[in-house]
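Have a look at the structure below, then the notes.
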There are 2 protein chains.
Amino acid sequence: MDDIDRRLLAALQEDATTSYAALGAAAGLSAGAAHERVRKLRERGVIRRTTVDIDPAAMDLDVLAFVLIDGATWMGDEPTSTALAAIPEVEEAHVVAGSASVLVKVRTTGTGALQDVLRRLYEVPGVSATEAVVALDTFFERPPWFHREAKG
Amino acid sequence: MDDIDRRLLAALQEDATTSYAALGAAAGLSAGAAHERVRKLRERGVIRRTTVDIDPAAMDLDVLAFVLIDGATWMGDEPTSTALAAIPEVEEAHVVAGSASVLVKVRTTGTGALQDVLRRLYEVPGVSATEAVVALDTFFERPPWFHREAKG
DNA sequence: AGTGAAAACCATGCAAT
DNA sequence: ATTGCATGGTTTTCACT
């Protein structure tokens with residue numbers, strides 16, 4: 001993981017359709033060498049997948065909320081993860097430190113669907129209370145490590 | 001935005017390196033037609049970008065926190081957005097309803113760097129208090145609308 | 001809007017360094 | 001690990017439907 005790798009990752013994160021020739025030019029490498037480095041970045045799991053970023057609004061996902069979940073029992077284990085992953089509207093789930101046990105990010109088509117997700121969250125074993133923080137406007141959402149300078 | 005578009009989006013979200021021939025086969029279309037559909041999805045902004053999903057741990061981003069920000073003044077406008085976007089460690093920023101004004105998602109290389117981000121957050125005009133909820137473990141993080149069945 | 005084929009372009013493998 | 005080149009596959013265009 002050197003400077004060249006970081007430059008390749010920055011270019012790919014911005015536009016993964018960039019050709020290996022252009023990628024090489026951006027990193028000071030030939031197309032073949034760029035190809036080989038990217039192959040290894042995938043192999044090592046640094047690049048987890050190549051994907052498309054879809055506008056949630058186009059999918060009618062207009063309501064975003066963060067839900068702080070209090071647990072009556074320990075919720076940091078596998079069964080909780082599986083139960084939360086089974087709810088498609090739950091985009092992220094994290095075990096957190098603080099008064100809450102788990103924090104989930106939820107995206108739904110409306111407030112009615114959000115209410116339904118909260119109902120399903122209460123059916124997850126251990127959940128004793130929830131507090132929803134509803135987003136009114138999203139300033140921005142960007143990938144981790146986006147556009148940061150590749151510094152040695 | 002019909003069933004075919006949803007099938008194309010689902011396939012691309014799972015693996016954006018899929019060829020148009022394979023994409024067409026998955027959606028019941030020729031390669032040319034699949035290409036044209038995807039071109040239009042990009043044009044309409046449904047597909048915002050083609051990108052790579054990078055493992056944060058590979059970038060030494062080991063600490064994740066959600067910070068609830070209280071504001072002494074109205075923070076729902078442009079200057080706040082710009083000030084928050086200027087902090088690279090801030091991955092997301094949302095105006096929220098509830099006791100807090102803004103919620104940000106922050107990823108840093110350690111607790112020291114997190115403390116530094118909190119310091120910079122206090123320098124954003126209007127910020128009167130912050131409450132950080134630190135993630136101990138991430139169950140999962142997936143794209144919006146991931147892997148949902150394309151139903152009419 | 002979709003098809004099928006042609007043409008331009010790119011990914012991928014390889015010999016050499 | 002990188003280069004330059006060859007080749008096969010893919011993207012992209014186009015006339016037709």
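Protein chains get the first letters and strands the later ones, always in sequence-line order, with residue 1 at the start of each. Since the structure is predicted, the reported quantities are computational estimates derived from the model, not experimental observations.
- Between the NZ atom of K40(B) and the C1' atom of dT12(D) there is a distance of 15 Å, given to the nearest Å.
- Classification of E91(A) and K105(B) as a salt-bridged pair fails, no side-chain N sitting under 4.0 Å from a carboxylate O.
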Handout entry: Steps toward side chain to side chain contact (heavy atoms under 4.5 Å, CB included) verdict (L84(B), V102(B))
Key = CA-CA 10 Å; L84(B) 292 172; V102(B) 175; 4.0 Å; yes

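- Placement of M1(A) and F146(A) in two distinct hydrophobic clusters is found when ILVMFWY residues are connected by side-chain heavy-atom separations under 4.5 Å, directly or transitively.
- The distance from atom CG of L8(A) to atom P of dT2(D) is 10 Å, rounded to the nearest whole Å.
- With rounding to whole Å, I4(B) atom CD1 is found 11 Å from dA1(C) atom P.
- Consecutive Watson-Crick or G-U pairs involving DNA chain D, each under 3.5 Å on both distances, make up stems of three or more pairs at C:1-6 with D:12-17, C:8-17 with D:1-10.
- For dT11(D), neither phosphate oxygen OP1 nor OP2 lies less than 4.0 angstrom from any side-chain nitrogen or oxygen of R39(B).
- Taking atom CD of E36(A) as the reference point, atom C1' of dC14(C) lies 12 Å away to the nearest angstrom.
- For the pair R37(B) CZ and dT13(D) C1', the interatomic distance rounds to 19 Å; values are reported in whole Å.
- We find that E36(A) and R39(A) are joined by a salt bridge, their nearest charged nitrogen and carboxylate oxygen being less than 4.0 Å apart.
- An OP1 or OP2 oxygen of dT12(D) is reached within less than 4.0 angstrom by a side-chain nitrogen or oxygen of H35(B).
- Among dT3(C), dT11(D), dT2(D), the nucleotide with an atom closest to any side-chain atom of A33(A) is dT2(D).
- The distance from atom OH of Y20(B) to atom C1' of dA11(C) is 15 Å, rounded to the nearest whole Å.
- Side chain of E14(B) to main chain of R49(A): no donor-acceptor pair is present (N/O by atom type, distance under 3.5 Å, no hydrogens or angles).
- Around CD of Q115(B), the count of heavy atoms belonging to other residues, nucleotides or ligands within 6.0 Å does not exceed 12.
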